[in-house]
Participant: 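Quick one: the structure is below, questions incoming.
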2 protein chains.
Amino acid sequence: MPTSRRKSASPARDRAESDISREGPPARPPAARESPWRASRERLRDRQVKREAVIRAAAQSFNRKGYHNTSLDDIAAALEVSKPTVYYYVSNKEQLLFECFVAGIEPILAACREARLMKAPARERLKAVLRYYGRAVASEFGWCMVRAEDQDLSPAMSGHIKALKSEIDQGIRRLLREGMQDGSIHACDPKMTAFALAGALNWIAHWYRESQSLSGAQIAEAFISVFESGLTPRPSAGSARSARHVSARPIR
Amino acid sequence: MPTSRRKSASPARDRAESDISREGPPARPPAARESPWRASRERLRDRQVKREAVIRAAAQSFNRKGYHNTSLDDIAAALEVSKPTVYYYVSNKEQLLFECFVAGIEPILAACREARLMKAPARERLKAVLRYYGRAVASEFGWCMVRAEDQDLSPAMSGHIKALKSEIDQGIRRLLREGMQDGSIHACDPKMTAFALAGALNWIAHWYRESQSLSGAQIAEAFISVFESGLTPRPSAGSARSARHVSARPIR
DNA sequence: TAGGATGGCTACCCGTGAGTATGATGCATG
DNA sequence: CATGCATCATACTCACGGGTAGCCATCCTA
């Protein structure tokens with residue numbers, strides 16, 4: 001299967017100039033959707049800007065049609081450019097997917113790292129992370145981030161992606177453990193719980209395209225409140241989760 | 001894009017003989033992994049058996065390499081058969097994916113329907129459904145079920161799939177509503193909560209291939225206990241079978 | 001033992017799409 | 001003006017993979 005054409009005929013040019021979304025977790029670029037080419041056909045040779053436009057266009061196409069059903073001609077057409085132009089900014093299709101993935105996951109990673117510096121109880125820190133997580137999955141790169149699979153990528157890329165994903169997973173597990181220690185989180189299996197949380201959030205990418213009735217932030221909020229309280233009704237039914245002394249209504 | 005070759009050159013033959021997993025929700029076929037051709041080269045002209053073997057082989061390949069990275073030659077090779085033989089049992093690749101999807105989702109549907117006949121409190125009925133759900137996602141068809149996307153299928157197939165998925169979604173929402181009425185489920189937004197539950201379970205398919213340290217049933221149980229209690233600690237930590245750090249018992 | 005049905009294989013067709021060779025254009029500077 | 005760099009288009013190569021045509025083998029039945 002690895003026919004292994006010669007790798008990267010274009011040298012050092014496009015490596016390592018990634019990071020479409022290097023702004024911190026909070027903000028996100030305000031769209032500016034149009035193709036820079038058409039916009040100002042000349043005098044805008046800002047390579048970085050164009051490169052980002054390519055990646056964004058790829059993300060949109062991947063969103064709509066999926067990775068395998070998107071040809072590079074499609075992406076080029078969306079930008080009103082020809083295919084070699086796309087290759088001028090990106091070395092191959094795989095890298096395109098990878099960049100989309102990174103753009104999607106970067107804010108989550110930032111949130112994770114930031115959460116370790118906060119001094120709030122672990123449940124609050126976890127909620128903050130999950131908030132960013134949810135928003136990221138509902139972003140334009142969410143689909144790519146979530147669906148970027150080892151199956152479609154070379155071992156190297158796949159390794160990178162797995163490492164990043166694992167960092168997030170470990171971060172969540174750590175927060176869960178800390179929360180169980182400081183008493184802010186219910187006793188649970190950190191691994192399974194982390195899987196459940198991340199899974200629920202990841203899945204947003206699958207239905208968000210279809211029905212965007214809510215904003216990413218709203219969805220994140222709704223999910224967090226589900227995670228917090230669970231299904232079993234709480235005795236102190238009010239708005240507060242303060243639940244004092246209560247007769248343990250036996251489950252089952 | 002729809003080149004629209006003539007549909008189904010093979011008539012009535014393979015339509016409507018699906019249902020690999022028509023056994024009720026509980027059981028699941030005990031493997032019997034080997035290709036029936038090789039096994040008994042002659043005297044086993046049980047078309048249905050062979051057809052199911054084809055679908056199972058497809059599911060395994062889709063699991064491992066993804067739909068687009070699996071060629072029909074691969075599937076044929078796995079069965080030690082030639083490609084036209086595969087086409088003898090199945091009309092095209094798309095249908096193959098569809099069958100895998102149906103095989104995966106059928107038990108969940110059955111569980112959903114059955115849940116409406118039970119008379120337990122809604123939370124218990126919901127838990128039963130989620131249990132089957134989790135097991136199904138961890139089954140050999142789980143990946144196909146979860147990843148069968150409209151993007152890869154014709155509008156007709158896509159419609160079928162969406163309808164089935166929606167039936168499950170509606171079933172879960174209904175159970176949530178009923179639970180809120182009979183007091184067995186915490187007040188919540190049924191739509192978002194259903195999304196969260198289904199998402200968490202769906203996502204199992206993504207990591208289960210890699211680490212099968214737990215059985216599907218164990219995972220389902222772990223997830224359900226997460227769903228039940230949520231993150232916020234409960235005052236009466238007593239009877240809860242909370243932190244049951246499931247020991248990694250290797251399955252199979 | 002003919003002849004149909006069933007099941008299968010070899011060998012092919014052909015569209016699609018990733019990636020490239022080559023060269024044109026514009027722009028800046030020596 | 002000549003040279004060089006950056007940017008982009010036309011027009012290709014080529015492998016892969018879905019799907020098929022046509023043929024062969026076997027078995028069942030009469």
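Note that these values count all heavy atoms, side chains included, but never hydrogens, waters or copies made by symmetry. Letters A, B, ... mirror the listed sequences (proteins, then strands); counts begin at 1.
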Participant: When you measure from the side chain of B:S71, which nucleotide among D:dG17, C:dT6, D:dT20 comes out closest?
Facilitator: D:dG17
Participant: Within the 4.0 Å heavy-atom criterion, would you say A:S82 contacts the bases, only the backbone, or no part of the nucleic acid?
Facilitator: base
Participant: Distance check: side-chain N/O of B:Y88 vs OP1/OP2 of C:dG8, anything under 4.0 Å?
Facilitator: no
Participant: Given atom OH of A:Y87 and atom C1' of C:dG19, what is their separation to the nearest angstrom?
Facilitator: 5 Å
Participant: Over how many whole Å does the gap from A:Q95 atom CD to C:dG19 atom P extend?
Facilitator: 11 Å
Participant: Kindly say if B:R47 contacts the phosphate of C:dG7, meaning a side-chain N or O under 4.0 Å from OP1 or OP2.
Facilitator: yes
Participant: I want to check one thing: is the phosphate of C:dC9, taken as OP1 and OP2, less than 4.0 Å away from some side-chain N or O of B:T85?
Facilitator: yes
Participant: With a cut-off of less than 4.0 Å, is there a side-chain N or O of A:Y89 near OP1 or OP2 of D:dC8?
Facilitator: yes
Participant: Can you tell me how the ring of A:H68 sits relative to the ring of B:H68, calling it parallel under 30°, perpendicular over 60° and tilted otherwise?
Facilitator: parallel
Participant: Rounding to a whole Å, what distance do you find between A:D73:CG and C:dG19:P?
Facilitator: 12 Å
Participant: I need the NZ-P distance between B:K50 and C:dC9, as an integer number of Å.
Facilitator: 10 Å
Participant: A:E94 has an atom CD; how far is it from atom C1' of C:dG17, in whole Å?
Facilitator: 16 Å
Participant: Rounded to the nearest angstrom, tell me the gap between atom NZ in B:K93 and atom C1' in D:dC16.
Facilitator: 11 Å
Participant: Check each of B:H206, B:Q212, B:E210 against B:Y208 using the side chain to side chain contact (heavy atoms under 4.5 Å, CB included) test, and report the only one that passes.
Facilitator: B:Q212
Participant: Show me the donor-acceptor pairs within less than 3.5 Å that the side chains of residues 192-199 of chain B make with the rest of the protein, sequence neighbours left out.
Facilitator:
{"from": "B:T193", "atom 1": "OG1", "to": "B:D189", "atom 2": "O", "distance (Å)": "2.7"}

Participant: For a 4.5 angstrom cut-off between non-hydrogen side-chain atoms, does A:F141 reach A:N63?
Facilitator: no
Participant: Taking atom types as they are modelled, would you say the side chain of B:K83 forms a donor-acceptor pair with the base of D:dG19 within the 3.5 Å cutoff?
Facilitator: yes
Participant: C:dG19 P sits how many Å from A:I75 CD1, rounded?
Facilitator: 11 Å
Participant: Side chain of A:N202, backbone of B:W203: donor and acceptor closer than 3.5 Å?
Facilitator: no
Participant: What is the distance, rounded to the nearest whole Å, between atom OH of B:Y67 and atom P of D:dG17?
Facilitator: 13 Å
